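Questions regarding the structure given below will be posed in turn.
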Amino acid sequence: MTKVLDLYLAGEWKQGQGNPSESRFPADGSLNAVFSTATEADVNEAVEKAEKAWRDPSWRNSLPLERAKVLYKVAEIIEANAKELSALQTKDNGKPLAETFGLVMSAAGTARYMAAACETFDQNLPSQRASDILTMSVYEPIGVIAAITPWNSPIASEIQKLAPAIAAGNAVILKPAEATSLIALEIAKIFEQAGLPKGLLSVLPGKGSVIGNALVSHPLVKKISFTGGTSTGRRLAHVAAEKLITTSLELGGKSPTIVFEDADLDIASHGVAYGIFSSAGQACIAGARLFVHQNVYDEFLEKLVTLTRGLRVGHPETPDTHIGPLISESHLKSVDDYVQLAVKEGGQVVVGGQRLTGGVYDQGTYYAPTIITGLKNTATVCQEEIFGPVLVVIPFEDEATLLEEANDSFYGLAAGIWTENYRKALQVARQLEVGTVWVNTYKKFSVSAPFGGGKESGIGREKGREGMLAYMQQKSIYLSLSDQPNPWAN
Ligand code: NAD
């Protein structure tokens, strides 16, 4: 009989009360592991224990450097096991090893950065408004945090929530995506090994609509930190509104990339292809709408198509693979349905446009990197997030129309600009309604630069010092220096 992996409930490894679930390798459908899932009763137990744990004076009064020590250790353990963690994440979601290795190293960097942020965080006195009163404003933890994550970059997005929440002195219940629970359970082991006191972390796999919903609705949960689709995010925002608690929502995207006529077209074509096709397009920040100046449109498209034809779609464990399989059959069908819809709406598929078959492709869910032309920005495939390797290319003539169209989206996550003119790049960057703009590069990240979206791409920012403050609340304290009573005493 296949072993059922335990879940991690408030410092104990045990079987959850839910039905066991499977993790399968998207490259060939083989079984990675069977893992235990939680029920609402498990959620209640984890939240109640988390509430006790974060209020425990030994954690409540812990010095920042003590919390930092745990996170430095987490970073060390992640780095020491980087290859194994990367291999496990590849098994879970099918991303090529080179990509998952990058995500693992970024997770280590996040843990180390949040350790340093926590240790070096000075609480300033606000400017003083009365000579007989000393005013201070202190930051305190929020309490029990619900962290809910998607399947596309789990190790990075999970550490991006856990590290700042723990640095800030909270307790966290992590509900990973159904498809990628294995890496989340490894993260629990890492925090345990790093010495995080019992009860402060639980990892509860299970269905979002059941376990996720029970978690966010629990009265003791005081913040929802969510990364995932916009419709789920909206539902969670309703729950948060009802409970009057705060949220951080990192949601979907339909990011524009813009190639001006003065761009270095070779560099730009590589950047544009990487921006949309890496991770097989399963990235919130995928540059899915491409605007190219009409004077270089034909030349650029030709370069891009040639480059796209040369991309190696293959087994994610083969070292030189550029693009791995999609996460599942149902997701592949949804991507293909969008491509068919694009054609119905008048689009022309200039490369790709179908599932790949033959050899290794027959065992997995591989889709050809696809470029579509002939559509306007108002087409469905330009407005809705496909979350697959599908790029729509649109020519533009003048900057005003370009900006109008680039901003004509429900989403506001990211954008790319390709030009040799940095003055223009900055002017355009300031007018794009998004949370991140890359100029002459794409998908590059710094842990110290806040990340997040506007419009329907989300609320709040992760990373940076603000990323830790998002898990804290301020309290103002007034200390009288006067020996006089308040006025009514006279
Ligand atoms: P999803 O919204 O379906 O699921 C995300 C998580 O929410 C999963 O753990 C799921 O189980 C849980 N969930 C689902 N319904 C729930 C409910 N009712 N209550 C509580 N939890 C619930 O998203 P997905 O398909 O896993 O991920 C893809 C989406 O994530 C895309 O839209 C992508 O753009 C977005 N994403 C955004 C970012 C970002 O930083 N902005 C990063 C990665 C992915």
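In each ligand, atom 1 is the first atom listed, and ligand 1 is the first ligand listed. If you're wondering where the values come from, they're calculated on a predicted model, not measured in any experiment.
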- Is the NZ or CZ atom of Lys463 both under 6.0 Å from the centre of the six-membered ring of Phe445 and within 45° of that ring's axis?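 Yes - Lys463 lies over the ring of Phe445, closer than 6.0 Å to its centre and within 45° of its axis.
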Problem - Residue and atom name of the nearest protein heavy atom (relative to atom 11 (O) of ligand 1), distance in Å to one decimal - result: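 Checked against all protein heavy atoms, atom 11 (O) of ligand 1 sits closest to Lys175 NZ, 2.6 Å.
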### Query
Which of the atoms of ligand 1 are close to Pro176, meaning less than 4.0 Å from one of its heavy atoms?
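Those qualifying, in numeric order: 9 (O).
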Could you check atom 41 (N) of ligand 1 against the protein and tell me its nearest heavy-atom contact, residue, atom and distance included?
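Looking at atom 41 (N) of ligand 1, the protein heavy atom closest to it is Leu251 O, 2.7 Å.
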Got more than 12 heavy atoms from elsewhere within 6.0 Å of NE2, His322?
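Yes, enclosed.
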- prompt: Looking only at atom types and distance, does a side-chain atom of Asn377 sit under 3.5 Å from a main-chain N or O of Arg289, one as donor and one as acceptor?
  reply: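 Side chain of Asn377 to backbone of Arg289, a donor-acceptor pair under 3.5 Å: no, none is there.
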Closer than 4.0 Å and a protein heavy atom, does any atom meet both conditions relative to atom 4 (O) of ligand 1?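 So far as the 4.0 Å threshold goes, atom 4 (O) of ligand 1 is out of reach of every protein heavy atom.
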Closest by any non-hydrogen atom to atom 42 (C) of ligand 1: pick that one out of Pro150, Cys284, Gly229, Ser248.
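Residue with the shortest heavy-atom distance to the ligand atom: Cys284.
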request  = Could you tell me how the ring of Trp13 sits relative to the ring of Tyr8: parallel (under 30°), tilted (30 to 60°) or perpendicular (over 60°)?
outcome  =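 Rings of Trp13 and Tyr8: tilted, as their planes differ by 30° to 60°.
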**Message:** Just verifying a value: how many Å separate Thr419 OG1 and Gln427 CD, rounded to the nearest 0.5 Å?
**Reply:**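 It comes to 10.5 Å.
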Check for a donor-acceptor pair, side chain of Arg461 on one end and backbone N or O of Phe451 on the other, with a separation under 3.5 Å.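 Judged by distance alone, no pair lies under 3.5 Å.
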### Message
Checking a contact table here: which protein heavy atom is nearest atom 9 (O) of ligand 1, and how many Å away?
### Response
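Going by distance alone, atom 9 (O) of ligand 1 is nearest to Thr149 O, 2.7 Å.
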Please report the interatomic distance CG(Leu375) to OG1(Thr380), rounded to the nearest 0.5 Å.
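If we round to the nearest 0.5 Å, Leu375:CG and Thr380:OG1 are 9.0 Å apart.
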For the CG atom of Leu88 and the CG atom of Leu182, what is their distance to the nearest 0.5 Å?
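Reported value, rounded in 0.5 Å steps: 5.5 Å.
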> Looking at Gly212, which atoms of ligand 1 are within less than 4.0 Å of one of its heavy atoms?
Replying inline: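 It comes down to these atoms of ligand 1: 19 (N), 20 (C), 21 (N).
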Tell me the contacting part of Ser231 for ligand 1: side chain, backbone, both, or neither, using a 4.0 Å heavy-atom threshold, strictly below.
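No part of Ser231 is near ligand 1 at this cut-off.
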Note to self: Tell me the protein heavy atom at minimum distance from atom 35 (C) of ligand 1, and give that distance in Å.
What the structure shows: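 That would be Gly228 O, 3.1 Å.
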Q) What is the closest protein heavy atom to atom 32 (O) of ligand 1, and at what distance does it sit? A)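 Checking every protein heavy atom, the shortest distance to atom 32 (O) of ligand 1 gives Glu385 OE1, 2.6 Å.
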*asked:* So, applying side-chain contact (heavy atoms from CB on, under 4.5 Å) with Ile371, which one of Val349, Leu304, Val392 is it?
replied: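 With Ile371 as partner, Val349, Leu304, Val392 yield a single side-chain contact (heavy atoms from CB on, under 4.5 Å), made by Leu304.
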Q) Nearest heavy atom to atom 17 (C) of ligand 1: which of Ser181, Pro154, Gly208 does it belong to? A)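 Nearest heavy atom to atom 17 (C) of ligand 1 lies in Gly208.
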| Where is the nearest protein heavy atom to atom 26 (O) of ligand 1: which residue, which atom, and how far? |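 The closest heavy atom on the protein side is Trp151 CD1, 3.1 Å.
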Q | Heavy-atom check, side chain of Pro256 versus side chain of Phe291, under 4.5 Å | A |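 Yes; the side chains approach each other to less than 4.5 Å.
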From the candidates Tyr411, Phe451, Phe387, the one that places a heavy atom nearest atom 28 (C) of ligand 1
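When every heavy atom of Tyr411, Phe451, Phe387 is considered, Phe387 comes closest to atom 28 (C) of ligand 1.
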Problem set entry | Numbered atoms of ligand 1 (with element) below 4.0 Å of Glu250, judged on heavy atoms |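 Those atoms are 37 (C), 38 (C), 39 (C), 40 (O), 41 (N).
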Region of Leu215 that comes within reach of ligand 1 [heavy atoms, distance under 4.0 Å]
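None of Leu215 does.
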- Item | Per atom 43 (C) of ligand 1, closest listed option by heavy atom (Ile285, Asn213, Asn152) |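 Comparing heavy atoms across Ile285, Asn213, Asn152, the nearest one to atom 43 (C) of ligand 1 lies in Asn152.
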Atoms of ligand 1, numbered as shown, that sit under 4.0 Å from any heavy atom of Glu178:
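Once the distances to Glu178 are compared, the set is 10 (C), 11 (O).
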| request: Determine yes or no for a side-chain-to-main-chain donor-acceptor pair under 3.5 angstrom, with Glu40 supplying the side chain and Ala214 the backbone. | output: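 Looks like no, no N/O pair under 3.5 Å.
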**Asked** Considering only protein heavy atoms, which is closest to atom 12 (C) of ligand 1, and at what distance to one decimal place?
**Response**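 Answer for atom 12 (C) of ligand 1: Ile148 CG2, 3.6 Å.
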Show me which atoms of ligand 1 lie under 4.0 Å from any heavy atom of Arg235.
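The atoms of ligand 1 under 4.0 Å from a heavy atom of Arg235 are 18 (N).
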- Using heavy atoms and a threshold below 4.0 Å, how should the contact between Leu236 and ligand 1 be classified: side chain, backbone, both, or neither?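 It is the side chain that touches ligand 1; the backbone stays farther off.
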* Check: Thr370 side chain, Ala368 main-chain N or O, donor-acceptor pair, under 3.5 Å ->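 Present.
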Next item on the list: Please examine the side chains of Leu413 and Ser255, heavy atoms only from C-beta on, and report whether any two atoms are closer than 4.5 Å.
Entry: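 Side chain of Ser255 against side chain of Leu413, heavy atoms only: contact under 4.5 Å found.
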I need the nearest protein heavy-atom contact for atom 15 (N) of ligand 1: residue, atom name and distance, please.
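The answer is Thr232 CG2, 3.4 Å.
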